[in-house]
Amino acid sequence: MNTLSPTGRTRIRRHSERGRADRQDLYDVLDAGLICHLGVVIDDVPHVLPTGYGRDGDTLYLHGSTGARSLMAAAEDVEVCVAVTLVDGIVMARSVFNHSMNYRSAMVYGRPVSMVSDEEKLAGLRAVVDHLAPGQWDVLRPTNRKELAATSVLALSLAEASVKIRTGPSADEEDAPGVWSGVLPVRQVFEPPVPDPELPGGIAVPAHVAARVTR
Ligand SMILES: Cc1cc2nc3c(=O)[nH]c(=O)nc-3n(C[C@H](O)[C@H](O)[C@H](O)COP(=O)(O)OP(=O)(O)OC[C@H]3O[C@@H](n4cnc5c(N)ncnc54)[C@H](O)[C@@H]3O)c2cc1C
């Protein structure tokens with residue numbers, strides 16, 4: 001299944017030309033993002049929670065404390081929406097109306113499933129850790145039973161998702177001579193790592209961490 005098959009709720013209506021049907025575009029947006037926003041209705045009120053995530057194939061994993069209300073609500077066989085947003089530029093126009101943003105964004109709909117067995121939970125946690133810090137899982141001490149019991153892990157299928165991407169300058173008309181228009185590019189950078197003050201001497205920054213620093 002290499003294409004995103006639009007459903008009634010994932011069919012992009014507004015600026016449909018910005019929609020992407022290739023599943024790889026979905027993976028690319030999810031893999032490039034650091035956080036997602038989990039939308040879930042709790043007691044008839046929509047809640048939108050920023051949180052970490054990870055992807056393994058066509059499954060998105062979310063994790064958190066077993067006491068986190070949003071995760072508990074999302075685990076109750078309810079519909080959720082997860083959004084990942086990457087801002088690539090501020091699009092400046094000659095008119096207020098034509099200002100915009102360049103972006104890559106994804107929305108995923110579905111009913112998350114709560115991971116129960118240790119194996120399932122660990123697979124989800126690995127995806128989350130390696131998403132934020134690729135290579136980190138392999139060097140960590142094993143997760144203990146207490147930590148595992150205190151952590152809930154949810155799996156959300158990527159079966160129903162949409163991707164929307166905007167690029168390029170504004171859709172400006174040249175009706176304001178002398179006013180600058182263009183794009184102010186935005187990018188996320190990783191700065192050189194800062195060692196923990198308690199870190200014993202002689203432990204160098206691992207290669208997989210150093211490799212992430214933006215050049
Ligand atoms: C960083 C950023 C800034 C934006 N700023 C604005 C703004 O200021 N004003 C504005 O009107 N719009 C803005 N948008 C676009 C906005 O996300 C919507 O696409 C747009 O408002 C149309 O909404 P709609 O409900 O009419 O979409 P519809 O086309 O009716 O939505 C139908 C379905 O399309 C999919 N979809 C819609 N939008 C997106 C998306 N962005 N990413 C992935 N799937 C999507 C969803 O599955 C949705 O259920 C911005 C988007 C981003 C990422």
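Just follow the structure's listing: the first ligand is 1, and inside any ligand the first atom is 1. Since this is a predicted model, take the numbers as computed values, not measurements. Heads up: numbering here begins at 1 and tracks the sequence.
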Query raised in the report: Above 12 or not: heavy atoms from other molecules or residues under 6.0 Å from NE2 of His131?
Result: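 Yes, because the 6.0 Å sphere around NE2 of His131 holds more than 12 heavy atoms from other groups.
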
Which atom pairs, donor and acceptor, lie under 3.5 Å between side-chain atoms of residues 182-196 and protein residues at least two apart or in another chain?
{"residue": "Asp196", "atom": "OD1", "partner": "Glu198", "partner atom": "N", "Å": "2.8"}

Donor-acceptor contacts under 3.5 Å from residues 68-91 side chains, at least two apart:
{"residue": "Arg69", "atom": "NH2", "partner": "His47", "partner atom": "NE2", "Å": "3.4"}
{"residue": "Glu79", "atom": "OE1", "partner": "Arg9", "partner atom": "NH1", "Å": "3.4"}
{"residue": "Glu79", "atom": "OE1", "partner": "Arg9", "partner atom": "NH2", "Å": "2.9"}
{"residue": "Glu79", "atom": "OE2", "partner": "Arg111", "partner atom": "NE", "Å": "3.1"}
{"residue": "Asp88", "atom": "OD1", "partner": "Arg104", "partner atom": "NE", "Å": "3.4"}
{"residue": "Asp88", "atom": "OD1", "partner": "Arg104", "partner atom": "NH2", "Å": "2.7"}
{"residue": "Asp88", "atom": "OD2", "partner": "Arg104", "partner atom": "NE", "Å": "2.8"}

Under 3.5 Å, which donor-acceptor pairs do the side chains of residues 134-142 form with other protein atoms, sequence neighbours left out?
{"residue": "Gln136", "atom": "OE1", "partner": "His208", "partner atom": "NE2", "Å": "2.7"}
{"residue": "Asp138", "atom": "OD1", "partner": "Arg126", "partner atom": "NH2", "Å": "2.9"}
{"residue": "Arg141", "atom": "NH1", "partner": "Glu147", "partner atom": "OE1", "Å": "3.2"}
{"residue": "Arg141", "atom": "NH2", "partner": "Glu147", "partner atom": "OE2", "Å": "2.5"}

Query raised in the report: Any donor-acceptor pair under 3.5 Å linking the side chain of Asn102 with the backbone of Gly168?
Result: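 Indeed, once roles are kept as given, a pair shorter than 3.5 Å links the two residues.
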
Query raised in the report: Do Leu156 and Leu154 come close enough that some side-chain heavy atom pair is under 4.5 Å?
Result: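 They are not in side-chain contact.
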
Measure from every N or O atom of ligand 1 to the protein's N or O atoms and keep only the pairs below 3.5 Å, writing each with atom names and distance to 0.1 Å.
{"residue": "ligand 1", "atom": "19 (O)", "partner": "Lys164", "partner atom": "NZ", "Å": "2.7"}
{"residue": "ligand 1", "atom": "29 (O)", "partner": "Arg13", "partner atom": "N", "Å": "2.7"}
{"residue": "ligand 1", "atom": "29 (O)", "partner": "Arg14", "partner atom": "N", "Å": "2.9"}
{"residue": "ligand 1", "atom": "41 (N)", "partner": "Ser105", "partner atom": "OG", "Å": "3.0"}
{"residue": "ligand 1", "atom": "42 (N)", "partner": "Ser105", "partner atom": "OG", "Å": "2.6"}
{"residue": "ligand 1", "atom": "44 (N)", "partner": "Ser162", "partner atom": "OG", "Å": "2.8"}
{"residue": "ligand 1", "atom": "47 (O)", "partner": "Arg9", "partner atom": "O", "Å": "3.1"}
{"residue": "ligand 1", "atom": "47 (O)", "partner": "Ser162", "partner atom": "OG", "Å": "2.8"}
{"residue": "ligand 1", "atom": "49 (O)", "partner": "Arg9", "partner atom": "O", "Å": "2.5"}
{"residue": "ligand 1", "atom": "49 (O)", "partner": "Tyr109", "partner atom": "OH", "Å": "2.7"}

